[in-house]
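Worksheet: one structure, shown below.
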Amino acid sequence: EADSAGPERFATISSLAHAMVQERLDQMIRERQEARHRSERARRQRGGGGEKRFVVMVAMEKSSRDPREDFRESMVEMITVNKIDEPRDLRRLLNYYISMNSDEHRGLILEVFHD
């Protein structure tokens with residue numbers, strides 16, 4: 001009888017081990033999904049959830065003793081206020097500055113943006 005109980009006993013232990021491993025895998029999957037959902041919610045709250053953002057920018061004529069510093073301050077303000085952190089949005093901002101300023105400032109704008 002002892003010999004016949006052995007294989008059944010191992011089958012039961014094997015089933016139990018399998019169930020434990022499966023439960024742990026399910027738990028890991030749930031944790032990962034919850035983390036992904038938290039991350040998506042946080043991104044949406046910051047405004048990066050695929051929603052369209054409209055940023056109003058007003059160009060004005062200005063004479064400056066230090067155009068480099070003025071461009072830098074303006075760009076930093078636009079990036080900070082509008083929470084711009086996506087490469088595509090940064091590219092749009094750069095294109096805006098280039099299109100709204102004279103060609104003579106193009107090199108300076110590119111330098112400041114690169115910094």
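The figures that follow rest on heavy atoms only: side chains count, while hydrogens, waters and symmetry mates do not. Here the structure is a predicted model, which means the values were calculated and not measured.
- No donor-acceptor distance shorter than 3.5 angstrom exists from the side chain of T80 to the backbone of E77, with no hydrogens or angles considered.
- Taking NE2 from H105 and CG from D70, the interatomic distance works out to 10.0 Å, rounded to the nearest 0.5 Å.
- At a threshold of 4.0 Å, the pair R38-E31 does not count as salt-bridged, since none of the basic side-chain nitrogens sits closer than that to a carboxylate oxygen.
- Here the straight-line distance linking atom CG of L90 with atom CE of M75 works out to 11.0 Å at 0.5 Å rounding.
- One side chain, R24 or Q27, offers a donor N or O that lies under 3.5 Å from an acceptor on the other.
- The line from OG of S102 to CD1 of I109 is 7.5 Å long, rounded to the nearest 0.5 Å.
- The CG atom of N95 sits 13.0 Å away from the CE atom of M100 when rounded to the nearest 0.5 Å.
- For the pair L110/I98, a side-chain contact is recorded, criterion being any heavy-atom separation below 4.5 Å from C-beta on.
- Minimum heavy-atom separation, F71 to V112: C-CG1, 4.1 Å.
- Atom CG in L93 sits 8.0 Å away from atom OG in S74 (nearest 0.5 Å).
- There is no path of hydrophobic side-chain contacts, each under 4.5 Å, that joins L94 to V76.
- When all heavy atoms of I84 and M78 are compared, the closest pair comes out as CD1-O, 3.9 Å.
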How far apart are the C-alpha atoms of E34 and R41, what are their side-chain angles, what is the distance that settles it, and do they pass the salt bridge (Lys or Arg N to Asp or Glu O under 4.0 Å) test? CA-CA 11 Å; E34 289 169 3; R41 277 194 302 269; over 6 Å; no
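- The only member of R68, R72, R106 that meets side chain to side chain contact (heavy atoms under 4.5 Å, CB included) when paired with E111 is R68.
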Before you tell me yes or no, could you show the steps for Y97 and F113 under side-chain contact (heavy atoms from CB on, under 4.5 Å), namely the whole-Å CA-CA distance, both residues' side-chain angles and the distance that decides it to 0.1 Å? CA-CA 10 Å; Y97 274 92; F113 198 82; 5.9 Å; no
